[in-house]
Amino acid sequence: MNVDFTKNTDGLIPAIIQDSETKNVLMLGYMNEESLQKTIETQKVTFFSRSKQRLWTKGEESGNFLNLVDIKNDCDGDTLLIQAKPIGPTCHTGADTCWQEENKENYGFLSNLENTIKVRRENADSEKSYVASLFEKGINKIAQKVGEEAVEVVIEAKDDNDDLFLSESADLLFHYLILLQAKGFQLNDVVDVLKKRQK
């Protein structure tokens with residue numbers, strides 16, 4: 001890895017810290033050649049602290065270390081992307097990230113859809129909201145809808161109409177997300193089970 005520490009007069013380059021699992025950005029620090037070497041040797045992310053004017057291993061006082069997973073250099077050789085496994089919160093305020101965000105896995109649109117389902121369940125009028133009406137009818141009705149949609153997916157899988165297959169697949173996934181919430185779970189819980197099965 002060819003890192004250019006000479007681009008800045010202080011010999012420091014930015015190091016972006018990313019959770020290796022959730023892919024969330026946890027913090028930004030600065031490294032010099034010595035702190036990068038110490039990070040590699042100890043497998044604990046170590047910075048050069050501009051305020052303390054010394055090497056500083058994240059977690060040396062709090063115990064909230066960043067265990068090194070991978071280091072990548074950018075195209076100009078003057079910025080590092082460091083993937084790490086955080087032990088505890090990363091920010092000195094006690095937050096998961098220095099942007100005061102929760103460090104949990106996010107599935108983009110699917111996570112937004114889960115949140116929409118949650119909001120409709122809690123606040124929507126069951127006469128105006130399909131989601132709210134399903135929750136009002138109870139777990140048996142929700143489970144029945146998942147079963148019906150699963151059968152539709154199987155039927156469409158045997159035909160050659162890709163549009164219908166994808167449409168029924170979307171219906172199945174949507175109703176499955178509703179069922180998960182009806183049972184008190186989220187997509188993260190299912191992903192955790194799959195991760196444990198991974199060999």
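All residue numbers refer to positions in the sequence shown, counting from 1.
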Enquirer: Using the rule that two of Ile, Leu, Val, Met, Phe, Trp, Tyr join whenever any of their side-chain heavy atoms come within less than 4.5 Å, decide whether I71 and F65 are in one cluster.
Expert: no
Enquirer: Does a side-chain N-to-carboxylate-O contact under 4.0 Å join D74 and K72?
Expert: no
Enquirer: Could you identify which residues cluster with I155, counting Ile, Leu, Val, Met, Phe, Trp and Tyr as linked when any side-chain heavy atoms lie under 4.5 Å apart, either directly or through a chain of such contacts?
Expert: V151
Enquirer: Would you say Y176 ends up clustered with Y130 if hydrophobic residues are merged whenever their side chains have heavy atoms under 4.5 Å apart, either directly or through other cluster members?
Expert: yes
Enquirer: Heavy atoms only: give me the nearest L134-I178 pair and the separation to one decimal.
Expert: CD1-CD1, 4.0 Å
Enquirer: Show every salt bridge (charged side-chain N to carboxylate O under 4.0 Å, His left out) that has at least one partner inside residues 139-154, sequence neighbours left out.
Expert: K145-E148, K145-E149
Enquirer: For K23, look at atom NZ and say whether over 12 heavy atoms of other residues, nucleotides or ligands are found less than 6.0 Å away.
Expert: yes
Enquirer: Side chains of N67 and K44: donor-acceptor distance under 3.5 Å anywhere?
Expert: yes
Enquirer: Which other residues belong to the hydrophobic cluster containing V193, where Ile, Leu, Val, Met, Phe, Trp and Tyr are joined when side-chain heavy atoms lie under 4.5 Å apart, directly or via other members?
Expert: none
Enquirer: Given the rule that I, L, V, M, F, W and Y join up when any side-chain heavy atoms are under 4.5 Å apart, are V3 and V45 in one cluster?
Expert: yes
Enquirer: Tell me who clusters with L28, hydrophobic residues only, linked when side chains sit under 4.5 Å apart either directly or through other members.
Expert: L12, I16, V25, Y30, F48, L55, L81, W99
Enquirer: Going by the rule side chain to side chain contact (heavy atoms under 4.5 Å, CB included), which residues pair with E127 if we only count those two or more places apart in sequence or in a different chain?
Expert: D125
Enquirer: Using salt bridge (Lys or Arg N to Asp or Glu O under 4.0 Å) as the criterion, list what pairs up with K118, not counting sequence neighbours.
Expert: E122
